[in-house]
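When reading the values below, keep in mind they use all heavy atoms of this one structure, side chains included, and skip hydrogens, waters and symmetry mates. Position 1 is the first residue of the sequence, and the numbers go up from there. Just so you know, ligand 1 is whichever comes first in the structure, and atom 1 is the first atom listed for that ligand. The structure presented is a predicted model; accordingly, all values stated were derived computationally and were not measured.
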Amino acid sequence: MILKEEKLTLNGHEIFLRSAKPEDAPMLKDYLKIVSGETRFLSKEADEVNITEEQEAAFIEKMNRPRNMLIIAFVDGEYAGNCSFDVQGESRRNAHRADFGIALFQKFTGIGLGRILMEKALNRAKELGYTQMELTVVSGNERAQKLYKSLGFEEYGRLPNANKYDDGTFSDDIFMVKKL
Ligand SMILES: CC(C)(COP(=O)(O)OP(=O)(O)OC[C@H]1O[C@@H](n2cnc3c(N)ncnc32)[C@H](O)[C@@H]1OP(=O)(O)O)[C@@H](O)C(=O)NCCC(=O)NCCS
């Protein structure tokens with residue numbers, strides 16, 4: 001879905017939210033590689049993120065379809081990150097389930113932007129008729145887990161040692177759901 005552009009103030013910062021456009025593809029492609037290198041909490045190592053601008057543009061087009069959403073956020077005019085959801089699976093039996101993702105540049109964490117983006121996504125998903133939002137977060141990502149729990153997500157299972165890092169350490173995948 002395409003969102004109405006929105007401006008707001010948050011802890012002294014000017015926030016601008018909008019849907020992504022095809023011309024944002026280079027910016028979003030670069031962002032994904034950078035944020036993947038900034039944290040252990042995303043799904044890939046930075047050197048494994050090698051999508052093309054065409055693939056990114058196709059992703060944007062998919063996420064702008066009526067049952068999906070991709071919000072990109074700017075803080076004081078600078079691109080800060082995004083959050084998204086899309087339908088989980090392709091069958092009618094899965095059509096009530098939305099799958100959520102979010103990542104901000106480290107520089108823009110800690111100002112409350114994550115909460116604002118998630119609240120928007122949860123409201124939109126409910127309006128679209130989804131009855132549950134699902135996400136996966138890794139063990140050790142205390143900030144994300146705290147945010148998700150405060151918004152009503154509950155853990156329903158873990159995959160132990162789902163992720164092995166280059167330094168030989170592991171993290172679990174934690175599955176969370178919020179009923180909408
Ligand atoms: C996870 C993320 C979306 C959270 O958004 P955010 O805007 O940074 O959220 P905040 O910094 O406001 O923190 C959310 C809560 O966690 C708390 N928190 C912050 N740092 C914390 C830490 N190290 N340990 C525990 N809690 C922490 C905050 O106090 C806040 O709680 P409150 O709202 O009750 O005050 C964002 O940090 C991010 O994109 N991180 C990198 C990528 C990532 O981890 N994505 C999620 C993958 S599942």
Side-chain angles (χ1 to χ4, degrees), residues 3 6-18 20 24 27-49 51 56 59 63 68-86 88 97-125 130 132-167 169-178 180:
L3 285 149
E6 193 176 337
K7 281 187 181 159
L8 51 120
T9 307
L10 178 68
N11 294 324
H13 297 281
E14 278 193 9
I15 310 293
F16 177 54
L17 307 177
R18 66 167 170 85
D24 295 318
M27 179 178 80
L28 295 196
K29 170 182 139 322
D30 293 346
Y31 141 89
L32 193 57
K33 200 168 184 77
I34 295 167
V35 286
S36 297
E38 283 185 338
T39 166
R40 304 163 46 99
F41 302 144
L42 298 175
S43 60
K44 287 183 177 170
E45 301 291 345
D47 63 0
E48 296 174 306
V49 179
I51 52 167
E56 188 61 47
F59 173 74
M63 298 311 286
N68 302 338
M69 195 204 74
L70 171 63
I71 317 179
I72 67 173
F74 296 81
V75 175
D76 301 325
E78 228 181 303
Y79 176 53
N82 71 53
C83 98
S84 64
F85 65 77
D86 62 348
Q88 184 80 264
R97 299 166 51 198
D99 186 33
F100 178 83
I102 185 167
L104 307 176
F105 287 115
Q106 281 304 303
K107 180 179 167 186
F108 297 110
T109 59
I111 58 172
L113 182 58
R115 178 178 301 279
I116 288 198
L117 290 172
M118 286 197 78
E119 283 171 349
K120 296 230 167 281
L122 291 166
N123 287 337
R124 295 291 171 191
Y130 288 102
Q132 62 186 57
M133 185 71 91
E134 305 175 11
L135 60 82
T136 305
V137 58
V138 299
S139 53
N141 194 351
E142 302 301 337
R143 174 157 58 189
Q145 285 176 61
K146 182 167 180 205
L147 179 61
Y148 301 154
K149 283 181 189 159
S150 77
L151 288 166
F153 282 84
E154 289 178 37
E155 177 179 337
Y156 66 91
R158 280 181 189 235
L159 189 64
N161 288 356
N163 309 285
K164 184 176 181 187
Y165 299 93
D166 290 342
D167 63 5
T169 59
F170 294 87
S171 69
D172 302 341
D173 273 350
I174 303 170
F175 306 110
M176 302 187 88
V177 173
K178 177 182 164 68
L180 299 175

Worksheet item: When you look at Thr109 and Arg143, which way does the side chain to side chain donor-acceptor pair (under 3.5 Å) test go after all the steps?
Response: CA-CA 10 Å; Thr109 59; Arg143 174 157 58 189; 3.2 Å; yes
Item to complete: Considering heavy atoms of the protein only, find what lies nearest to atom 48 (S) of ligand 1 and give residue, atom and distance to 0.1 Å.
Response: Tyr148 OH, 3.2 Å
Worksheet item: Is there a heavy atom in Phe108 that sits closer than 4.0 Å to ligand 1?
Response: no
Practice prompt. Enumerate the atoms of ligand 1 whose separation from the nearest heavy atom of Thr136 is less than 4.0 angstrom.
Written response: 48 (S)
Fill in: Residue selection (non-hydrogen contact nearest atom 37 (O) of ligand 1) among Lys149, Lys146, Glu38, Arg143
Arg143
Worksheet entry | Minimum heavy-atom distance between Phe170 and Tyr165, given as atom pair plus value | C-CE1, 3.9 Å
Fill in: Nearest-neighbour protein heavy atom for atom 4 (C) of ligand 1, which is reported as residue plus atom name and distance
Leu147 CD2, 3.7 Å
Worksheet item: Among protein heavy atoms, which sits nearest to atom 44 (O) of ligand 1, and what does the distance come to when rounded to 0.1 Å?
Response: Asn141 ND2, 2.9 Å
Discussion item. In the structure I gave you, are the side-chain heavy atoms of Leu28 and Leu70 within less than 4.5 Å of one another anywhere?
Written reply: yes
Worksheet item: Which residue and non-hydrogen atom of the protein lie closest to atom 36 (C) of ligand 1, and at what distance in Å?
Response: Thr109 CG2, 3.7 Å
Worksheet item: Does the protein put a heavy atom less than 4.0 Å from atom 25 (C) of ligand 1?
Response: yes
Discussion item. Can you check atom 21 (C) of ligand 1: any protein non-hydrogen atom closer than 4.0 Å?
Written reply: yes
Item to complete: Determine the interplanar angle of the Phe153 and Phe100 rings, folded into 0 to 90°, and report it as parallel if under 30°, tilted if 30 to 60°, perpendicular if over 60°.
Response: tilted
Discussion item. Just so I know, are the side chains of Asn141 and Ile174 near enough to count as touching, which here means a heavy-atom distance under 4.5 Å?
Written reply: no
Worksheet item: Short list, please: which atoms of ligand 1 are under 4.0 Å from a heavy atom of Ala144?
Response: 1 (C)
Worksheet item: Under 4.0 Å from atom 13 (O) of ligand 1, is there any protein heavy atom?
Response: yes
Fill in: Test log, rule side-chain contact (heavy atoms from CB on, under 4.5 Å), inputs Val137 and Met176
CA-CA 8 Å; Val137 58; Met176 302 187 88; 3.8 Å; yes
Worksheet entry | Atoms in ligand 1 flagged as close to Gly114, the criterion being non-hydrogen separation under 4.0 Å | 5 (O), 6 (P), 7 (O)
Worksheet item: Less than 3.5 Å between some nitrogen or oxygen of Ile111 and one of ligand 1, yes or no?
Response: no
Worksheet entry | Heavy-atom gap Ala103 to ligand 1 smaller than 4.0 Å | yes
Worksheet item: Is there at least one pair of N or O atoms, one from Leu104 and one from ligand 1, spaced under 3.5 Å apart?
Response: yes
Item to complete: Could you pull out the closest heavy-atom pair between Ala80 and Leu113, with the gap in Å?
Response: CB-CD2, 3.9 Å
Item to complete: Over all heavy atoms of both residues, which pair between Leu17 and Ala73 is shortest? Give the atoms and the distance, please.
Response: CD2-CB, 3.6 Å
Practice prompt. Can you sort out which atoms of ligand 1 are near Phe41, meaning under 4.0 Å from one of its heavy atoms?
Written response: 44 (O), 47 (C)
Discussion item. We want to know whether Ser139 and Arg158 form a side-chain donor-acceptor pair, criterion being a heavy-atom distance below 3.5 angstrom.
Written reply: no
Worksheet item: To the nearest 0.1 Å, how far is atom 32 (P) of ligand 1 from its closest protein heavy atom, and which atom is that?
Response: Arg115 NH2, 4.0 Å
Discussion item. Can you name the atoms of ligand 1, numbered from 1 with element, that are less than 4.0 Å from a heavy atom of Gly112?
Written reply: 7 (O), 12 (O)
Item to complete: Can you see which heavy atom on Asp47 is nearest to which on Lys33, and at what distance?
Response: CA-NZ, 4.0 Å
Worksheet item: With a 4.5 Å heavy-atom cut-off, do Lys178 and Leu180 have their side chains touching?
Response: yes
Worksheet item: Which is closest to atom 3 (C) of ligand 1 in terms of heavy atoms, Asn11, Leu151, Ile102?
Response: Ile102
Item to complete: Go through ligand 1 atom by atom and flag the ones less than 4.0 Å from a non-hydrogen atom of Gln106.
Response: 41 (C)
Worksheet item: Taking all non-hydrogen atoms of both residues, which atom of Ile72 and which atom of Ala20 are closest, and how far apart?
Response: CG2-CB, 4.0 Å
Worksheet item: Would you call Ile116 a ligand 1 contact, heavy-atom distance under 4.0 Å?
Response: no
Item to complete: Give the numbers and elements of all ligand 1 atoms closer than 4.0 Å to a heavy atom of Leu113.
Response: 7 (O)
Discussion item. In this structure, does ligand 1 have an atom that sits under 4.0 Å from one of the heavy atoms of Gly81?
Written reply: no
Practice prompt. Among all protein heavy atoms, pick out the one at the shortest distance from atom 8 (O) of ligand 1; state its residue, atom name and that distance to 0.1 Å.
Written response: Gly110 N, 3.0 Å
Worksheet item: According to the interplanar angle, ranging from 0 to 90°, do the rings of Phe105 and Tyr31 count as parallel (below 30°), tilted (30 to 60°) or perpendicular (above 60°)?
Response: perpendicular
Worksheet item: Which atom names give the shortest non-hydrogen contact between Leu147 and Gly114, and what distance separates them?
Response: CD2-C, 3.9 Å
